[in-house]
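Okay, so here's the structure we're looking at.
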Amino acid sequence: MGIRNLRNICRFFTIPHLFSNPLFQSPTGSSTFRTLKPSFTTSSIYNPHIYLNLGFHSVTLRYFYSNPNSSDKYKPHTTSKQVSEIIALICEGVNDLEYRLSMMNVCLSLSSVVYIFDRLSSERVSALVFFHWLNVSHRGLCCDPEIGNLVIENCGLLGNFEAMVPVLVEFNLKRMCLGRRAFRFLVVLRLDMDSRIECVRRVVDVLNKVGGVCRSSGVKLMIETFSFSGDFDMAEYVIEETGRDVKSYNFLLRLMCKRGFYERVGHLVEKMKGIGVEPDGSTYNLLVSCLIKIGKFVEACQVLEMVEKENGLPDGFSFDVLISLLCKNGRIDLALKFLDKMALKGIQPCSLTNAAVIKSYFESGKYDEAHEYVVDSVCKHSYSSNESYTLLASLYLKKGSILLSQRILHEMMDRGLKPNYSVYMKIRKCLEKKNKKDLSLELSRRYLSFIEK
């Protein structure tokens, strides 16, 4: 049995292109990995006190190996001591690593495997041989995207970009997208500008080779990784290297908005125009949002008017975004102007926009105007009449005006509109707490007679 298991462990196949680099050739010409630093690195890339002991040996590689006869069912789980022993064996770079790991006869959990990868990456030790062993002994774990992302991160920390290719090819076959951990090394390494650019180029080369979902998700991840670290210049460089398109720029603009870099959004939109990438509706919606968030309301309105002149009327979504943001920032006066423009063009605001207007009126103390808007919406926007009336009743209830909220429910039922049940019940209970049981019963009677029709 032991010999059979050992035979299964050794049943790998060679991936020749991984060994084509002369840096990985042994003096005898065999494909043996040696202790080295990646050729693109400079002294600023890695800690000079930590040399890269890749720990590779004369092994042939196989990714996502599936052994139908293997089973971890009866193996004991690893102890913390055994996990430490596994890490020590990998760091030592022993020649018979896979055999010695198999002889431990233990079952690794996902958390223990993640811990091992984290330790190896922090020590700048390659985890590839360990990963190959996992593909045989713990095949289920290697199908977990988290493990694949940790392998990519480990390869990136060591500058071993070619080793990423077969892993990502298998990701594509399984339709597995990359996760955030995969390219974290781009910021963890704290490279100088030239080294960062070289690193990005090599990652892009890898993604171009594998294509598929890994390329599309990988490009977004690189943009996201640099954006989260505040390095928007490098995020723009990724777009330049992978093909300038409005979709990628819009993704970067959204990340800038999330991080609060509103001023940079305007600059990037101008840059897009300068390099021939025409902004679309989503681009202008993001720009308008940012202008409003920094208090430039007039400029936001001018952008929308400019879009209307150059490209025709913006879609209803653009108006809805603008009106909602204006209401949120207390500029109900400007919001109403755009509502009038929508009405003239025959565009109906969505229910969320109507809700934003009602809330804005209420927050500014214009209760009668809020009521008038709701009544008016019954005629103009019947699709949102129930929601508008229910919202108004809820706002009165929240304000403590229980009797007014009750009257709103009566009014909407008179108009043939059914109140929201949860709001109706809240108002009833509040009336009972205020010893208005007669009003509560009247409301209940009217509601029951309404729903029985």
Side-chain angles (χ1 to χ4, degrees), residues 250-251 253-266 269 279-309 311-399 408 420 423:
N250 285 346
F251 180 65
L253 289 169
R254 280 192 290 274
L255 292 172
M256 286 178 174
C257 289
K258 286 182 180 178
R259 293 293 310 279
F261 290 85
Y262 305 124
E263 295 284 355
R264 288 199 65 140
V265 170
V269 172
D280 60 9
S282 296
T283 311
Y284 286 117
N285 286 339
L286 288 164
L287 178 59
V288 167
S289 299
C290 289
L291 289 171
I292 290 176
K293 285 175 181 176
I294 58 178
K296 295 184 177 181
F297 305 108
V298 176
E299 290 86 343
C301 296
Q302 289 173 347
V303 168
L304 204 59
E305 290 170 356
M306 179 269 294
V307 174
E308 183 178 353
K309 288 178 182 177
N311 306 314
L313 184 70
D315 56 18
F317 178 73
S318 298
F319 277 117
D320 286 325
V321 169
L322 177 60
I323 293 168
S324 296
L325 287 168
L326 288 170
C327 289
K328 189 176 181 180
N329 286 271
R331 295 304 302 266
I332 186 68
D333 53 334
L334 290 173
L336 292 175
K337 289 181 180 179
F338 282 99
L339 276 171
D340 292 339
K341 182 173 286 193
M342 289 180 74
L344 288 173
K345 301 292 184 179
I347 301 176
Q348 290 191 336
C350 69
S351 56
L352 291 176
T353 301
N354 285 328
V357 174
I358 295 165
K359 287 179 181 177
S360 183
Y361 271 132
F362 224 83
E363 288 168 1
S364 59
K366 298 178 179 179
Y367 309 118
D368 292 337
E369 287 86 344
H371 184 243
E372 287 174 13
Y373 183 85
V374 171
V375 173
D376 191 48
S377 69
V378 174
C379 303
K380 294 181 179 179
H381 320 301
S382 58
Y383 60 90
S384 63
S385 299
N386 291 65
E387 294 177 11
S388 297
Y389 260 113
T390 299
L391 174 61
L392 186 62
S394 298
L395 291 171
Y396 273 121
L397 182 63
K398 189 175 180 180
K399 182 175 173 285
I408 294 297
N420 178 279
V423 174

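Predicted model, so just to flag it, every value in this text is computed and none were measured.
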Enclosure of Lys328 NZ (heavy-atom neighbours >12, cutoff 6.0 Å): no

Set of residues satisfying side-chain hydrogen bond (donor to acceptor under 3.5 Å, both in side chains) with respect to Thr283, sequence neighbours excluded: Asn250, Asp280

Asn329 side chain to Leu325 backbone, donor-acceptor under 3.5 Å: yes

Pairwise distance OH(Tyr396) to CG(Leu391) - rounded to 0.5 angstrom: 11.5 Å

Under 3.5 Å donor-acceptor, Ser364 side chain and Ser360 backbone: yes

For Met342 against Ile323, the heavy-atom pair lying closest together: SD-CD1, 3.4 Å

Glu263 and Lys296: CA distance, side-chain angles, deciding distance, side-chain contact (heavy atoms from CB on, under 4.5 Å) verdict: CA-CA 11 Å; Glu263 295 284 355; Lys296 295 184 177 181; 3.9 Å; yes

Considering all heavy atoms, the nearest Ile408-His371 contact: CD1-CD2, 3.7 Å

Shortest non-hydrogen contact between Ala335 and Cys327, atoms and distance: CB-SG, 3.7 Å

CG on Asn285 to CZ on Arg254, rounded to 0.5 Å: 10.5 Å

Ring centres under 6.0 angstrom apart (Tyr367, Tyr361): no

Contact list for residues 352-367, test salt bridge (Lys or Arg N to Asp or Glu O under 4.0 Å), sequence neighbours left out: none

Euclidean distance, Tyr262 OH relative to Ser289 OG, rounded to 0.5 Å: 9.5 Å

Cys301 side chain reached by Phe338 side chain, heavy atoms, under 4.5 Å: yes

Side chains of Phe362 and Leu392 in contact at under 4.5 Å (non-hydrogen atoms): yes

Leu339 side, atom CG; Ile347 side, atom CD1 - distance, nearest 0.5 Å: 11.5 Å

Distance-minimising heavy-atom pair for Ile358 and Ala370: O-CB, 4.2 Å

Separation of Phe297 CZ from Leu322 CG (nearest 0.5 Å): 10.5 Å

Reported CG-to-OG distance for the pair Asn354 and Ser324, which is rounded to 0.5 angstrom: 9.5 Å

Minimum-distance pair of heavy atoms, taken over all atoms of Val375 and Tyr389: CG2-OH, 3.7 Å

Min side-chain heavy-atom separation Leu397-Ser394 under 4.5 Å: no

Contact summary for Gly266 and Leu287, nearest pair of heavy atoms: CA-CD1, 3.7 Å

Candidate pair Ile292 and Leu326, rule side-chain contact (heavy atoms from CB on, under 4.5 Å), full reasoning: CA-CA 7 Å; Ile292 290 176; Leu326 288 170; 4.1 Å; yes

